[in-house]
Enquirer: 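Got a structure here, written out as structure tokens. Questions coming.
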Number of protein chains: 2
Amino acid sequence: MAFQDELFKSDDTYKSAFSVDNVIFGFDNDNLKLLLIKRKSDPFRGNWALPGDIVSPSEDLDQAAIRVLEQLTGVKNVFLEQVHTFGKVDRHPRGRVITIAYYSLINIKQVNIVADSFADKVAWKELRSIDKLAFDHFQIIQTCLKRLRRDLKFGPIGFELLPEKFTLTELQRLYEAVLEKELDKRNFRKKILSMNVLKSCHELQKGVAHRPAKLYSFDAQRYEEAKEEGYIFEL
Amino acid sequence: MAFQDELFKSDDTYKSAFSVDNVIFGFDNDNLKLLLIKRKSDPFRGNWALPGDIVSPSEDLDQAAIRVLEQLTGVKNVFLEQVHTFGKVDRHPRGRVITIAYYSLINIKQVNIVADSFADKVAWKELRSIDKLAFDHFQIIQTCLKRLRRDLKFGPIGFELLPEKFTLTELQRLYEAVLEKELDKRNFRKKILSMNVLKSCHELQKGVAHRPAKLYSFDAQRYEEAKEEGYIFEL
DNA sequence: GCAAAAGTGTTTTCATTACACCCATGT
DNA sequence: ACATGGGTGTAATGAAAACACTTTTGC
């Protein structure tokens, strides 16, 4: 590290800053969705964009990402992971701003979208319908989506997108939506149940016009224990 | 993104910068090594640290990482991947500096270490012998090592650490060193050869006091073709 | 001829895949 | 009674793991 104090003294040299941007995934109606905002001010006024903000000088990066998420959704303790830092010189039209991209998984039903001071509108958009976004945000979601696909195969994180209690079919639809391929019902159930990370709620679905499904929830404690013993989740 | 131009105007607010740090892996004598520098100036003068530098305002992040690597080793076209951005408020004692960590894989024999203006010494250190480093660099190598382990299993990148021509045993030793577990010789060979990404050089080792091994090299072209057809490398 | 690493196949075990019918509920 | 999704088992296939001896060279 060749860092020197003088670097902080020059106004001009450091016309630069860093931001966080957050790819917030939700799952609803068998579809993967993203929480986007419509920008109220320039640059890219009126365009859809990822929620994000400049990181304050006295704020950890992760903390900034959490703040953005909480301000927008009101939800705490959300699954959140750093993915990649985007730093092309010209990615921001007003100066040198690199952005650290995070993705988060959220139970869409739990969110009450809070009006945001930087946004005209905040909305869940179907992932498949998104084409253009402000800045390099489209590229950012591609990168985060790839990461989500990999993480979903190698860790018990799908549950973060579902309500506390869910049916096996809901879980399967979620995997199918993210991985973009159909799975065999019997094999999926065998596999996921054999992992011993689900606990039955001893409850049934209600009000459905067919045989009601059993409800399950993720047993985080059991998973942690199994992990200690070298168990590896993989789907 | 809540970015506003005013943010660039305040001297105080933006006493901040970003750097890149590079975890440079090499493989020699059945051991995984890192290229480290001994710091010439404060903070952490005299401590071992990762090679890195402040990113210039007109430089892409990847470009900065490449520059650091080339200045130090003189080698071009090296495997280099961004891993994670470290941004704790207090990680740098002189101000707010976040750092984007990269890892690279290099054929250790190819490197002529170039004296570095920021370092008293530059040296390859055995990974296992490294305990303390300047800043949060120890944590950074842990993170990069985890990433390397995963990447090595899911992509044909081990070759980057070896000379152009290598024996199957050398390759196996490399996998064993990185993954920290012994592999069965016959199974390893069966698997790696069945992947069709090695081509025989029709040459033998020379000057060894035992039966000479065949030399192979990585067939990047064949790999690319196979990948097009949906082939997935996994070891 | 001895030390040292190269090279080579088969069997067993386990995980993955493919596949079709009956069940419980609401209307 | 019918429509809808819930729930279940077995056989076939393919991949991974376990395992030991012969070969070639330098000294």
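Just so it is clear: chains get the letters A, B, ... in the order the sequence lines come, proteins before strands, and each one is counted from 1. Quick caveat: nothing in here was measured; it's all calculated off a predicted structure.
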Enquirer: So if I apply the ring pair (Phe, Tyr, Trp, His ring centres under 6.0 Å) rule between B/Phe166 and each of B/Phe159, B/Phe218, B/Tyr216, which one comes out positive?
Expert: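 So the option named by the test is B/Phe159.
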
Enquirer: Does A/Lys190 or A/Lys214 map to a spot on DNA chain D nearer the 5' end, using the closest nucleotide for each?
Expert: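 In this pair, the answer is A/Lys214.
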
Enquirer: Just how far, in rounded Å, is C1' of C/dG1 from NE2 of B/His210?
Expert: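 Between C1' of C/dG1 and NE2 of B/His210: 18 Å.
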
Enquirer: Can you tell me if the side-chain N/O atoms of B/Arg189 get under 4.0 Å from OP1 or OP2 in C/dG7?
Expert: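 True: B/Arg189 side-chain N/O within range (under 4.0 Å) of C/dG7 OP1/OP2.
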
Enquirer: Looking only at atom types and distance, does a side-chain atom of B/Thr99 sit under 3.5 Å from a main-chain N or O of B/Ala101, one as donor and one as acceptor?
Expert: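 A pair under 3.5 Å: no.
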
Enquirer: Which comes earlier along DNA chain D counting from the 5' end, the contact point of B/Glu234 or that of B/Ala209, where each point is its nearest nucleotide?
Expert: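 Result: B/Glu234.
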
Enquirer: Roughly how many Å is it from CG in B/Asp30 to C1' in C/dA4, rounded to a whole number?
Expert: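 Answer to the nearest Å: 14 Å.
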
Enquirer: Starting at atom CZ of A/Phe188, determine the distance to atom C1' of C/dA18, rounded to an integer number of angstrom.
Expert: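 One finds 18 Å between C1' of C/dA18 and CZ of A/Phe188, rounded.
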
Enquirer: Using whole Å, report how far NZ of A/Lys206 lies from P of C/dG26.
Expert: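 In whole Å, C/dG26 P and A/Lys206 NZ are 11 Å from each other.
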
Enquirer: When the ring centroid of B/Phe154 is compared with that of B/Phe233, is the distance short of 6.0 Å?
Expert: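 Ring centroids of B/Phe154 and B/Phe233 are no less than 6.0 Å from each other.
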
Enquirer: How many Å lie between CD on A/Glu170 and P on D/dG5, as a whole number?
Expert: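 To the nearest whole Å, that distance equals 13 Å.
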
Enquirer: Over how many whole Å does the gap from A/Lys191 atom NZ to C/dC14 atom C1' extend?
Expert: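 Nearest whole value for this atom pair: 12 Å.
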
Enquirer: Check whether any side-chain nitrogen or oxygen of B/Lys185 sits under 4.0 Å from OP1 or OP2 of C/dT8, and answer yes or no.
Expert: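 Checking C/dT8 against B/Lys185, no side-chain N or O comes under 4.0 Å of OP1 or OP2.
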
Enquirer: Test ring pair (Phe, Tyr, Trp, His ring centres under 6.0 Å) on A/Phe79 and A/Tyr103; report intermediate values, then the result.
Expert: CA-CA 8 Å; A/Phe79 176 93; A/Tyr103 84 95; 5.7 Å; yes

Enquirer: Between B/Asp184 and B/Asn187, is there a donor-acceptor pair closer than 3.5 Å when you use the side chain of the first and the backbone of the second?
Expert: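 Indeed, once roles are kept as given, a pair shorter than 3.5 Å links the two residues.
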
Enquirer: Round to a whole Å and report the spacing from CD of B/Glu182 to P of D/dA17.
Expert: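 Between P of D/dA17 and CD of B/Glu182: 14 Å.
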
Enquirer: How long is the line joining CZ of B/Arg186 and C1' of D/dT22, in whole Å?
Expert: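 From B/Arg186 CZ to D/dT22 C1': 12 Å.
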
Enquirer: Quick one: is D/dG5 close enough that its OP1 or OP2 comes under 4.0 Å of any side-chain N or O from A/Thr169?
Expert: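 For D/dG5, neither OP1 nor OP2 has a side-chain N or O of A/Thr169 closer than 4.0 Å.
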
Enquirer: Relative to the 5' end of DNA chain C, which residue comes earlier, B/Pro212 or A/Asn187, by the nucleotide with the nearest heavy atom?
Expert: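 Here B/Pro212 is the residue nearer the 5' end.
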
